[in-house]
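This report refers to the structure that appears directly beneath it.
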Number of protein chains: 2
Amino acid sequence: MKKTNPTSSGAFARSPCPVACVLDIIGDKWTLLVVRDLFAGKRTYGEFQASFEKIPTNILAERLKRLIEYEIIVKSPYQQRPVRYEYVLTTKGKELGPILKAMAQWGEKHIPGSKAISKW
Amino acid sequence: MKKTNPTSSGAFARSPCPVACVLDIIGDKWTLLVVRDLFAGKRTYGEFQASFEKIPTNILAERLKRLIEYEIIVKSPYQQRPVRYEYVLTTKGKELGPILKAMAQWGEKHIPGSKAISKW
DNA sequence: CCGGATCCGGTCTGATACTG
DNA sequence: CAGTATCAGACCGGATCCGG
């Protein structure tokens, strides 16, 4: 088993452009939304699912795997019987903050009605 | 005829989160790549197509339309007989610069081998 | 119940061919 | 050169199913 290649990830892997490479990792509708939730303090599968945008469960599971592979988050049990997992941003993951911040600022300025959680 | 709904755009339009709204506009593999090219000085359809990542022609045409709708770029003829068009960033479009810059910085730091064009 | 895996129809992508 | 048309296959998203 090699790839299963979710979200056509890897297409730009050899691009010399860092923007293209980054888009290969986070360039889809859902990934950054999960990262946003992590910045907002959410940590569990259920919390991600409960977000306003209603990410489908299979997509969420896939994106979490991807984020782990890229070492943007780590998964660890925080409770036994029943076992529960939490997802936490790594240092590398936290450094995505400026991207989210830039997006939020652009959105707040150009999309009426949007209001940031200002927690990046 | 209303829909054609490219790239499932509009799904997050009513989200209160600016990040989600922005991802609705630029949250796909190709859109920001075109914007990147614009920042890099490219202006014509052919120049976008010639980029390293080889965007499919139908996708390019669709994304350009979207960017025009969102007033991120404008299209105008710069030559007659034969007529030639150029695409130029609006002020709103240029303000996407910080997002690209943040992505480029993250990419340069975390993806070995990538080198920015440093022109944001 | 919670955290996911699986199934499946419909939509979108992307390669190629075609047109002005 | 600047797109439009076409079409198979990949992917999304909703529903459902399953293990602990």
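Below, read A as the first sequence line, B as the second, and so on, with proteins coming before strands; counting in each chain starts at 1.
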Task: Residues forming a side-chain contact (heavy atoms from CB on, under 4.5 Å) with B:Glu47, sequence neighbours excluded - done: B:Lys42, B:Arg43, B:Thr44
- [ ] Figure out the CZ/C1' separation between A:Arg63 and D:dC12, and round it to whole Å.
- [x] 9 Å
Task: Contacts of B:Gln105 that satisfy side-chain contact (heavy atoms from CB on, under 4.5 Å) - sequence neighbours left out - done: B:Lys101
TODO: Round to a whole Å and report the spacing from CD1 of A:Ile59 to P of C:dC7.
DONE: 16 Å
Task: Residues that, via side-chain heavy atoms closer than 4.5 angstrom, fall in one hydrophobic cluster with B:Phe52 - done: none
- [ ] Using whole Å, report how far CG of A:Leu60 lies from P of D:dC12.
- [x] 13 Å
Can you give me the N/O atom pairs linking the protein to nucleotides 1-4 of chain D at distances under 3.5 Å, or say none if there are none?
{"residue": "D:dA2", "atom": "OP2", "partner": "B:Gly46", "partner atom": "N", "Å": "2.8"}
{"residue": "D:dG3", "atom": "OP1", "partner": "B:Lys75", "partner atom": "NZ", "Å": "2.8"}
{"residue": "D:dG3", "atom": "OP2", "partner": "B:Tyr87", "partner atom": "OH", "Å": "2.4"}
{"residue": "D:dG3", "atom": "N7", "partner": "B:Thr57", "partner atom": "OG1", "Å": "3.3"}

Task: For atom CZ of B:Phe12 and atom C1' of D:dC12, their distance in whole Å - done: 11 Å
- [ ] Can you tell me the distance, in whole Å, between the CG atom of B:Asp28 and the C1' atom of D:dA10?
- [x] 16 Å
TODO: Please report, rounded to the nearest Å, how far the C1' atom of C:dT13 is from the CD1 atom of B:Ile55.
DONE: 11 Å
Open item on the list: Taking transitive links into account, so neighbours of neighbours count too, which hydrophobic residues share a cluster with B:Val83 at under 4.5 Å side-chain distance?
Closed with: B:Tyr85
Task: Beyond-backbone contact of B:Gln49 with B:Leu60, side-chain heavy atoms, under 4.5 angstrom - done: yes
TODO: Ignoring backbone atoms, establish whether A:Trp30 has a side-chain N or O less than 4.0 Å from OP1 or OP2 of D:dG13.
DONE: yes
Open item on the list: I want to check one thing: is the phosphate of C:dG14, taken as OP1 and OP2, less than 4.0 Å away from some side-chain N or O of B:Lys54?
Closed with: no
Open item on the list: For B:Arg84, give me all partners under side-chain contact (heavy atoms from CB on, under 4.5 Å), at least two apart in sequence or on another chain.
Closed with: B:Tyr78, B:Gln79, B:Pro82
